[in-house]
**Q** 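A single structure is presented below for examination.
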Amino acid sequence: MYLQAKKTSILVENKSNYSVIGGLASANGTFVASVWDILESNYVTSSNTVHAVNSLSTAGTFKVAFKETLSFNEETSNASITLKGRDGVNRATATVSQTPVKLIATPSPITFNNGQSNQMETVTITTSNDGTISSGLTISPQSNDWVMSNVSGNKIILKTTAENDTGLNPRVTNFTITYKGTKIILTVNQKCDFNPSATVNIGGIEWMKYNLGKSRSEGGWTYATKLPSECTDDPIKTKSHGRFYKFNIGDKSWPTTGSITDWESIIIEENSDWVTTNNPCPNGYRLPTVEEFKNLVSNSTQSVEGGLSASDYGYMVFTSKNSTNEKLEFILTGYVNRLTGTIRNQGAFADYWSSTQIESSYAYTLNISSARANPKYKSSKSNGYSIRCVKK
């Protein structure tokens, strides 16, 4: 009696040429061979390690590994899956290939030109080799501390959840978008409306646009991060305040709102201007002199905006007489009383330190109220006042 030889064959998912678009854990394979041609399943081999053959059995089945995660810009990977006989001769071959989904994000990158919260942008994800995306799109992370995302079909909806007042212009974050195991990186930028080094030239003097917050010795300079006119959601205009300082003390400041618990009620008596070694302003900046305050007032027109009360802070706008585009805004923060450590006249008055003393207990300030801007006001060195720096 004669045994009929089986026709030798090998297939992956019942195909001699099996192609995959996107990620896949593995694919099932089968082979057929006569017992005298091949007896051991490990005669099935792959031409590369990406699509390695595993889970072999003598029953004529095997598995081919595929990448589960791909980058959209990877090249197609190919492999020959070969059934070899005992004599080492190829009995049959199947081919496999894996191509990432060619994802396209439009627009990309995303830039929020407005540094405010609640700004929205939509990104459309399409493919050039896998048809239309209707579902299955994911994004990670779904949110961070300043932007959140939602997925709808092939749309990514991005929304800013916080203002960019970091001084970073822009700040940047990356999202990973995944479809069928293929990933694409979406870069999202948010520009900053706040530039701590921005200045306004009035009367030949470069004035910082923002009040000084903390000094270098308090952990690094900070600033008010908004102009008073930009605080449309806060009548107290807190982000425009900065901090309070005593005269000629550059290593300690106090908040402009709430109760002050660490006020130093020392009376300053010294025969000195504000010395350079105590300069609280950032590198390249200093306190203005009384003459520079006088220069500011004489080279500008002044107007008062806001409610001029503790519930709706007022502010004075100095507009250059040479250019109406050059403006400075000074918030009426009030001041800290030297004896009690309490904040007074919030929203209605303000004093800004000059570096010029009058005598041992008094120095000049720019005093602002609804009625006037007095650039040569006599103030106690022991009170707490605001600071606006000028460029050296």
Side-chain angles (χ1 to χ4, degrees), residues 11-13 15-29 45-55 62-82 93-113 119-161 164 168-192:
L11 300 172
V12 178
E13 297 293 346
K15 294 180 181 180
S16 59
N17 189 332
Y18 181 62
S19 297
V20 177
I21 296 178
L24 183 72
S26 63
N28 295 314
T45 60
S46 173
S47 62
N48 68 32
T49 57
V50 174
H51 303 303
V53 177
N54 51 41
S55 301
F62 59 92
K63 287 185 180 295
V64 180
F66 283 83
K67 286 186 176 182
E68 294 185 67
T69 302
L70 306 100
S71 174
F72 77 102
N73 56 3
E74 284 186 46
E75 297 297 326
T76 297
S77 57
N78 302 283
S80 295
I81 311 300
T82 304
T93 300
T95 60
V96 298
S97 65
Q98 185 176 26
T99 304
V101 183
K102 298 301 182 182
L103 296 172
I104 304 163
T106 307
S108 177
I110 286 292
T111 298
F112 290 97
N113 290 311
Q119 305 299 305
M120 297 183 68
E121 293 284 352
T122 299
V123 180
T124 301
I125 309 298
T126 57
T127 81
S128 62
N129 65 340
D130 198 43
T132 302
I133 299 172
S134 58
S135 62
L137 199 68
T138 63
I139 188 168
S140 178
Q142 291 187 331
S143 64
N144 61 18
D145 58 354
W146 60 270
V147 62
M148 64 178 294
S149 66
N150 285 299
V151 178
S152 178
N154 70 331
K155 307 288 186 185
I156 305 291
I157 299 95
L158 299 164
K159 181 179 179 182
T160 58
T161 56
N164 184 0
L168 299 176
N169 197 9
R171 60 178 170 185
V172 182
T173 191
N174 288 325
F175 288 90
T176 300
I177 298 168
T178 306
Y179 179 69
K180 290 188 176 180
T182 302
K183 298 180 182 295
I184 187 171
I185 302 300
L186 176 67
T187 299
V188 180
N189 307 278
Q190 185 188 29
K191 289 190 175 180
C192 183

**Q** Relative to each other, are the rings of Tyr18 and Phe66 parallel, tilted or perpendicular (30° and 60° limits)?
**A**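 Plane angle over 60°, so perpendicular.
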**Q** Please tell me if the side chains of Asn28 and Val12 come closer than 4.5 Å, counting only heavy atoms from C-beta onward.
**A**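 No, their side chains stay 4.5 Å or more apart.
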**Q** Donor-acceptor check, side chain of Ser16 to backbone of Leu11, threshold 3.5 angstrom: yes or no?
**A**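 No: the side chain of Ser16 does not pair with the backbone of Leu11.
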**Q** Is it the case that the side chain of Asn154 and the backbone of Thr126 share a donor-acceptor pair, with hydrogens and angles ignored and the cut-off at 3.5 Å?
**A**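 A pair under 3.5 Å: no.
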**Q** To the nearest 0.5 Å, how far apart are OG1 in Thr45 and CD1 in Ile81?
**A**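 Going from OG1 on Thr45 over to CD1 on Ile81, the span is 7.5 Å.
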**Q** Given the rule in the side chain to side chain contact (heavy atoms under 4.5 Å, CB included) test, do Val20 and Val96 qualify, once you have shown the distances and angles that lead to the verdict?
**A** CA-CA 8 Å; Val20 177; Val96 298; over 6 Å; no
**Q** Answer yes or no: is there a side-chain heavy-atom contact under 4.5 Å between Phe112 and Leu158?
**A**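 Of all side-chain heavy-atom pairs linking Leu158 with Phe112, at least one is under 4.5 Å.
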**Q** Out of curiosity, Glu121 CD to Ile156 CD1, how far, rounded to the nearest 0.5 Å?
**A**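 If I round to the nearest 0.5 Å, the distance is 13.5 Å.
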**Q** Give a yes or no on whether the backbone of Asn113 and the side-chain of Thr111 come within a donor-acceptor separation of less than 3.5 Å.
**A**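 Not a single qualifying donor-acceptor pair exists.
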**Q** Can you name the nearest heavy-atom pair linking Glu68 to Ala25, along with the distance?
**A**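 Closest pair (atom of Glu68, atom of Ala25, distance): CG-CA, 3.7 Å.
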**Q** Would you name the heavy atoms of Pro107 and Thr122 that are closest together and state the gap between them?
**A**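 Shortest heavy-atom contact: CD-O, 3.6 Å.
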**Q** Taking atom CD of Glu74 as the centre, does the number of heavy atoms from other residues, nucleotides or ligands within less than 6.0 Å exceed 12?
**A**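 Correct, the count exceeds 12.
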**Q** Look only at the side chain of Asn129 and the backbone of Val101, and say whether a donor-acceptor pair between them is shorter than 3.5 Å.
**A**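 No; zero donor-acceptor contacts below 3.5 Å.
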**Q** Within the side chain of Thr182, is there an N or O that forms a donor-acceptor pair under 3.5 Å with the backbone of Pro100?
**A**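 No: the side chain of Thr182 does not pair with the backbone of Pro100.
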**Q** Are any non-hydrogen side-chain atoms of Thr173 and Trp146 less than 4.5 angstrom apart?
**A**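 Answer yes - side chains close enough.
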**Q** Minimum heavy-atom separation for Ser77 to His51, with atom names?
**A**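 Smallest heavy-atom distance, with atoms named: OG-NE2, 2.8 Å.
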**Q** Quick check: does any side chain N or O of Asn78 sit under 3.5 Å from a backbone N or O of Thr95, one acting as donor and the other as acceptor?
**A**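 Judged by distance alone, no pair lies under 3.5 Å.
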**Q** So, taking the atom named CZ in Arg171 and the one named CG in Asn169, what distance separates them when rounded to the nearest 0.5 Å?
**A**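 It comes to 11.0 Å.
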**Q** So, for Asn164 and Gln190, which heavy atoms are closest and what is the spacing to 0.1 Å?
**A**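 It is ND2-O, 2.8 Å.
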**Q** For Asn73 and Ser71, which I'm curious about, is there any donor-acceptor pair between the side chains at under 3.5 Å?
**A**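 Yes, side-chain donor-acceptor contact under 3.5 Å.
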**Q** Hey, are the side chains of Ser108 and Val123 touching, using non-hydrogen atoms and a 4.5 Å cut-off?
**A**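 With C-beta onward as the side chain, the pair stays apart.
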**Q** Can you give me the closest heavy-atom contact between Ser149 and Ile139, atom names plus distance?
**A**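 That closest heavy-atom pairing would be OG-CG2, 3.2 Å.
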**Q** How many angstroms lie between CD in Glu13 and OG in Ser26, if you round to the nearest 0.5 Å?
**A**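 Answer for the CD-OG pair, Glu13 versus Ser26, is 8.0 Å.
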**Q** How far does OG1 of Thr127 sit from CD1 of Ile104, to the nearest 0.5 angstrom?
**A**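 Interatomic distance, Thr127 OG1 to Ile104 CD1, rounded to 0.5 Å: 7.0 Å.
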**Q** If you compare all heavy atoms of Ala79 against all heavy atoms of Ser47, which two are closest, and at what distance to 0.1 Å?
**A**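 It is CA-OG, 3.4 Å.
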**Q** Of the options Ile184, Val147, Ile185, Thr187, which is the one that meets Phe175 in a side-chain contact (heavy atoms from CB on, under 4.5 Å)?
**A**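 Testing each of Ile184, Val147, Ile185, Thr187 against Phe175, the sole residue satisfying side-chain contact (heavy atoms from CB on, under 4.5 Å) is Val147.
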**Q** Can you tell me if Asn189 uses its side chain to pair, donor with acceptor, with the backbone of Ile110 under 3.5 Å?
**A**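 It does hold such a pair.
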**Q** For Ile157 and Ser152: C-alpha separation, side-chain torsions, deciding distance, then whether side chain to side chain contact (heavy atoms under 4.5 Å, CB included) applies.
**A** CA-CA 8 Å; Ile157 299 95; Ser152 178; 4.1 Å; yes
**Q** Any chance the side chains of Thr124 and Lys155 put a donor and an acceptor closer than 3.5 Å?
**A**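 Yes, because at least one side-chain N or O of Thr124 sits under 3.5 Å from a partner of the opposite role on Lys155.
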**Q** Side chains of Ile133 and Leu103: closer than 4.5 Å at any heavy-atom pair?
**A**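 Counting from C-beta outward, Ile133 and Leu103 do come under 4.5 Å.
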**Q** Any side-chain heavy-atom pair from Ser19 and Ile21 closer than 4.5 angstrom?
**A**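 In short, these two side chains do not touch, never coming nearer than 4.5 Å.
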**Q** If we only count heavy atoms from C-beta on, is the Tyr179 to Asp130 side-chain gap below 4.5 Å?
**A**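 Yes - at least one pair of side-chain heavy atoms lies under 4.5 Å apart.
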**Q** Find out whether Lys183 and Leu70 are in side-chain contact, i.e. whether some heavy atom of one side chain is under 4.5 Å from a heavy atom of the other.
**A**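 Not in contact.
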